[in-house]
Amino acid sequence: MAIYPIPESSALLETISSSENPNIDNGVKYEVKGIGGEQGLSTPERYIQEIQDSGWTELKDNRLGHVYFFKKEDTVISLEIRQDSITLYEMTKDAII
């Protein structure tokens, strides 16, 4: 997976090497205590800003509730925020988002 900011307090829960979704290349899931708020409905503004500060651009038109998309060069990452966890998916090069 491309270099992408991960909160320092995170713990790796799962590596996702394949998916039934043809738009997803691979992914990782992290436990991040306190992120996302109840039911993952709270936007972690500070974390989103950290992502943008590291050179990733949010594709705001593609946001789907608690799922955010960021692009850097030719890589697109999907960030799914849930209560106390985040899941990052590297999208395939020809992904439909």
Side-chain angles (χ1 to χ4, degrees):
M1 181 166 290
I3 297 174
Y4 191 86
I6 305 298
E8 288 182 24
S9 61
S10 64
L12 181 64
L13 292 176
E14 177 182 5
T15 300
I16 304 158
S17 58
S18 64
S19 171
E20 293 179 14
N21 185 331
N23 296 309
I24 295 174
D25 189 26
N26 60 67
V28 287
K29 183 174 184 176
Y30 293 92
E31 176 181 46
V32 184
K33 293 289 185 190
I35 202 164
E38 189 172 326
Q39 298 179 4
L41 299 175
S42 176
T43 301
E45 298 294 340
R46 198 167 98 207
Y47 179 47
I48 299 296
Q49 187 61 52
E50 180 182 333
I51 294 166
Q52 292 172 338
D53 290 348
S54 68
W56 292 85
T57 302
E58 183 179 357
L59 304 174
K60 291 182 180 182
D61 291 342
N62 298 91
R63 186 187 299 179
L64 301 168
H66 60 268
V67 179
Y68 301 75
F69 293 89
F70 293 90
K71 184 173 185 172
K72 186 173 186 179
E73 298 171 4
D74 65 344
T75 301
V76 175
I77 298 289
S78 166
L79 167 65
E80 181 179 354
I81 299 173
R82 298 283 184 173
Q83 184 173 350
D84 296 328
S85 73
I86 60 172
T87 305
L88 304 169
Y89 297 102
E90 186 170 350
M91 308 304 287
T92 59
K93 300 298 179 201
D94 57 346
I96 299 170
I97 53 173

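Heavy atoms from other residues, nucleotides or ligands lying under 6.0 Å from CD1 of Ile96 number 12 at most. Within 6.0 Å of NZ on Lys71 lie no more than 12 heavy atoms contributed by other residues, nucleotides or ligands. Other residues, nucleotides and ligands contribute over 12 non-hydrogen atoms within 6.0 Å of the NZ atom of Lys93.
Looking at heavy atoms from C-beta onward, Ile6 lies in side-chain contact with Leu88 at the 4.5 angstrom threshold. Between Pro7 and Ile86 the shortest side-chain heavy-atom distance falls below 4.5 Å. Annotation: side chain of Ser85 is not in contact with side chain of Ile35 (no heavy-atom distance under 4.5 Å).
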Which donor-acceptor pairs under 3.5 Å do the side chains of residues 76-83 make with protein atoms, sequence neighbours left out?
residue	atom	partner	partner atom	Å
Glu80	OE2	Arg82	NE	2.8
Glu80	OE2	Arg82	NH2	2.9
Arg82	NE	His66	NE2	3.4
Arg82	NH2	His66	NE2	3.2
Gln83	OE1	Gln39	N	3.0

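Asp74 meets the side-chain hydrogen bond (donor to acceptor under 3.5 Å, both in side chains) test with no other residue; sequence neighbours excluded. For Asn23, the side-chain hydrogen bond (donor to acceptor under 3.5 Å, both in side chains) partners are Asn21, not counting sequence neighbours. Shown here are the side-chain hydrogen bond (donor to acceptor under 3.5 Å, both in side chains) partners of Tyr30, two or more places apart in sequence or in another chain: there are none. Considering only residues two or more places apart in sequence or on other chains, Ser42 meets the side-chain contact (heavy atoms from CB on, under 4.5 Å) condition with none of them.
When every heavy atom of Ile24 is checked against every heavy atom of Tyr89, the shortest pair comes out as CG2-CD2, 3.6 Å. For the residue pair Ile51 and Pro5, the shortest heavy atom distance occurs at CA-CG, 3.7 Å. Between Arg63 and Phe69, the shortest heavy-atom contact is N-CD1, 4.5 Å.
Atoms CZ and OG, from Phe70 and Ser54 in turn, are 9.0 Å apart once rounded to the nearest 0.5 Å. From Tyr4, atom OH reaches atom CD of Glu50 across 9.5 Å, with rounding to the nearest 0.5 Å.
Applying the salt bridge (Lys or Arg N to Asp or Glu O under 4.0 Å) test to pairs two or more places apart or on separate chains, those with a residue in residues 24-45 are Glu31-Lys33.
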